[in-house]
Amino acid sequence: MKIYDKYGIKKSAWIFYFLFKDYWQSKEKWKARGLLSAVIVMNLVSVYILLLLTSWYNEFYTILQNYSYQNFWQSIGKFSFLAFLFILLAVYALYLQQMLQIKWRTWMTAHYLDAWLENQTYYRLQSAIRDTDNPDQRIQEDINLFVNLTLNLGIGLFKQLVTLIAFIAMLWQLSGSFSFSFNGQTVQIYGFMVWVTIIYSIIGTLLTHKVGHQLIGLNFNQQKYEADFRFSLMRIRENSECVAFYKGEQPEKVNFKNRFIFVINNFRQIMNRQKILTGMTVSYSQLAIILPILIAAPRYFGEMMPIGWLIQTLTAFGKVQDALSYLVNSYTDIAQWSSVIRRLGSFTEHMCEIKKIESPVEKSTAANLEISGLTVNLPQGKSLISDLNIRLPAGESLIITGASGCGKSTLLRTLAGIWPFAAGKIGLPQQNKILFLPQKPYLPLGTLRQALYYPQTQSAASAVYEEHVLSLCELEKFISQLDKSDDWSCILSLGEQQRLAFARILLKKPEWVFLDEATSALDEITEARLYKMLKTELPNITIISVGHHSTLLQYHRYQLKLTGSGRYELFCL
């Protein structure tokens, strides 16, 4: 079911339901429900102790008014016991709530990581749905905020509802009735202070929503602008050498400032809106302090009730007022929570939309490369390659050439199964016999050995063979640094990174290798040495290359030349 319709976001309750339900129906549901039940029970007991403490105020201040020293210490002992229990419950209720938060966030993060990484969703989101901004922030920050705010607001709301039910009965009894004459008749209102606090809270809640509802959209935009600004800073770090060569500091500075202007301008709007909201909520809270005193004062000064009654009444009124004012006091958090739900909801839906885009390519397992009637398109529908038919036996070699933008790399993406905008039939060997090398190798954070074996997670070769492979790829100077952790994508030159990718081929020993301009940063001598090395070390390997260099032709038996507008030519070299 879609979370959004063409008119925008549906009710937040539905979006929240989709984000909320999975964890509480997962394999961890009983642990989660057990922790939540323990937190709820502790909060219920805490409210009961608050009731006892409120009654204690009446008792204690009456003792003071009567100068009853004999009962003073007994009352202090009772308070100490109740206060100790209340503190103990508050500490462990928070501890168990945070434990539940950790478990929920851990499960939800793993769930989103699985969905994001499954079937190259992370790649297809970038290529097909451009308005999916900052998925890293959605997973790292928004999941944390969603879990934290959901628990805080949900448990807080539950506690305030229980408090309201408990204390509204007490306040009803304490406030008595209020009488006045109207048209010669006496009108009596029972539980007068209860009705006053209910009306006061309703007015405050409506005014708060009217003033603060714009904060939801502003908080949503603020997170987006902050993430865009941070991403632009990360970009210059990742491409620092290119920027330095171009002397591009000035345009980068202009870009940073332009993005930062969005951050500041939106935050100014948040400031103005929060200024009005804060002024209203603080005024509301301060007036709530004096209001019950004004209502209770006539009965107290008329010597109808002792001071203990006054203190208990004011305390009960305050508890009822706090409970009824929960939305007012939590409005900023609710606004942030709503924007988090919107961001996670849009991210979730985009991933669902991507998974529904199924490539009509029929794939099968074959001993050779068999392509039949393959058409490759751009996302907009423009055809790059039309009706491609090729059969390449195992052990042969093929080079794909053509002008830039004609679809060479996109053809490799289609063969790899990560390009959904294609149709036809493809037969390939099993996935564990294939290795694709992009033009710019990816080096994960960690040790050089981890980068060398990527995407394998464990070293499979002996140290002697590792050294032999690095020597063949002219990387012997790094043998002593294999267990050193660093950002190797910044330390190694692009040429060294491409030679490291060839070392991966020798370590994995695939039967088929697809090279997407994998030697573009190498000189012709090194390029020739690496291609010859592949045939020497892995004589049965099938090589399919994408390249512009004419020197590559001599290392391949067949040439597939893409001529543009969907046409192609196949040669035997």
Side-chain angles (χ1 to χ4, degrees), residues 366-371 374 376 384-385 388-419 422 426-429 431 433-442 455 469 472-474 494-564 568-573:
N368 306 310
L369 173 62
E370 299 176 358
I371 300 175
L374 182 64
V376 180
L384 290 174
I385 306 170
L388 178 62
N389 296 278
I390 292 179
R391 184 180 185 279
L392 183 69
E396 294 290 353
S397 54
L398 169 73
I399 183 169
I400 304 171
T401 61
S404 297
C406 66
K408 301 185 299 297
S409 296
T410 306
L411 175 57
L412 253 61
R413 297 185 188 110
T414 304
L415 296 178
I418 63 175
W419 189 257
I426 297 177
L428 273 174
Q431 190 63 38
K433 299 179 180 180
I434 299 174
L435 182 62
F436 285 84
L437 294 189
Q439 182 178 1
K440 190 178 188 309
Y442 172 69
V469 167
L472 288 175
C473 297
E474 302 178 5
L494 182 55
E496 289 171 333
Q497 292 179 42
Q498 289 188 341
R499 297 204 300 275
L500 184 73
F502 272 81
R504 289 174 178 169
I505 301 175
L506 298 183
L507 290 170
K508 187 175 181 180
K509 294 182 173 61
E511 297 179 11
W512 291 66
V513 63
F514 295 79
L515 309 175
D516 187 4
E517 299 189 51
T519 58
S520 59
L522 303 176
D523 59 86
E524 293 180 2
I525 296 176
T526 304
E527 181 182 72
R529 185 180 300 118
L530 291 177
Y531 268 91
K532 292 176 181 177
M533 175 198 67
L534 287 182
K535 280 297 185 181
T536 301
E537 297 292 321
L538 304 171
N540 296 321
I541 193 170
T542 305
I543 301 174
I544 299 176
S545 303
V546 168
H548 289 286
H549 298 167
S550 59
T551 52
L552 286 175
L553 296 175
Q554 59 185 308
Y555 311 116
H556 301 82
R557 184 174 181 183
Y558 298 98
Q559 178 186 7
L560 174 64
K561 184 177 181 180
L562 305 181
T563 58
Y568 66 91
E569 296 175 356
L570 185 62
F571 305 98
C572 181
L573 301 174

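All values derive from a computational prediction rather than experimental measurement.
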Glu569, CD atom: more than 12 neighbouring heavy atoms under 6.0 Å: yes
Side chains of Pro429 and Glu511 in contact at under 4.5 Å (non-hydrogen atoms): no
Flag side-chain contact, heavy atom, 4.5 Å: Ile390 against Tyr558: no
Heavy-atom check, side chain of Asp516 versus side chain of Phe436, under 4.5 Å: no
Pairwise salt bridge (Lys or Arg N to Asp or Glu O under 4.0 Å) hits with a residue in residues 527-543, at least two apart: Glu474-Arg529
Side-chain (Arg499) to main-chain (Cys473) donor-acceptor, under 3.5 angstrom: yes
Nearest heavy atoms of Ala394 and Ala367, plus distance in Å: CB-O, 3.8 Å
Min side-chain heavy-atom separation Leu494-Pro441 under 4.5 Å: yes
Atom pair CG/CG of Leu388 and Leu374 - distance to nearest 0.5 Å: 5.5 Å
Set of side chain to side chain donor-acceptor pair (under 3.5 Å) partners for Tyr568, sequence neighbours left out: none
Heavy-atom pair with the smallest gap, counting every atom of Leu369 and Trp512: N-CH2, 3.2 Å
Gap separating the CG atom of Leu411 from the CG atom of Leu384, nearest 0.5 angstrom: 9.5 Å
Atom pair CD1 (Ile505) and CD1 (Ile543), whose distance is rounded to the nearest 0.5 Å: 7.5 Å
Shortest non-hydrogen contact between Ile541 and Leu534, atoms and distance: CG2-O, 4.1 Å
Smallest separation among heavy atoms of Val469 and Ala503, with atom names: CG1-CB, 3.5 Å
Beyond-backbone contact of Thr414 with Ile426, side-chain heavy atoms, under 4.5 angstrom: yes
CD-CG distance between Glu370 and Leu428, expressed to the nearest 0.5 angstrom: 9.5 Å
Asp523 side chain vs Ile525 backbone, donor-acceptor pair below 3.5 Å: yes
Student check: side-chain heavy atoms of Leu472 and Leu530 closer than 4.5 Å: no
Closest heavy-atom pair and its distance - Gly547, Leu552: CA-CD1, 4.0 Å
Parallel, tilted or perpendicular: rings of Tyr555 and Tyr531 (30°, 60°): parallel
Between Ser520 and Gln498: side-chain donor-acceptor atoms closer than 3.5 Å: yes
From Thr519 atom OG1 to His548 atom NE2, the distance as rounded to the nearest 0.5 Å: 11.0 Å
Nearest-0.5 Å distance, CZ of residue Phe514 to CG of residue Leu415: 5.5 Å
Flag if over 12 foreign heavy atoms under 6.0 Å of NZ, Lys561: no
Identify each donor-acceptor pair in which a side-chain atom of residues 397-407 lies under 3.5 Å from a protein atom, sequence neighbours left out, and give them as a table.
{"residue": "Ser397", "atom": "OG", "partner": "Arg557", "partner atom": "N", "Å": "2.9"}
{"residue": "Thr401", "atom": "OG1", "partner": "Gln559", "partner atom": "NE2", "Å": "2.9"}

Non-hydrogen side-chain atoms of Pro393 and Asn368 separated by less than 4.5 Å: yes
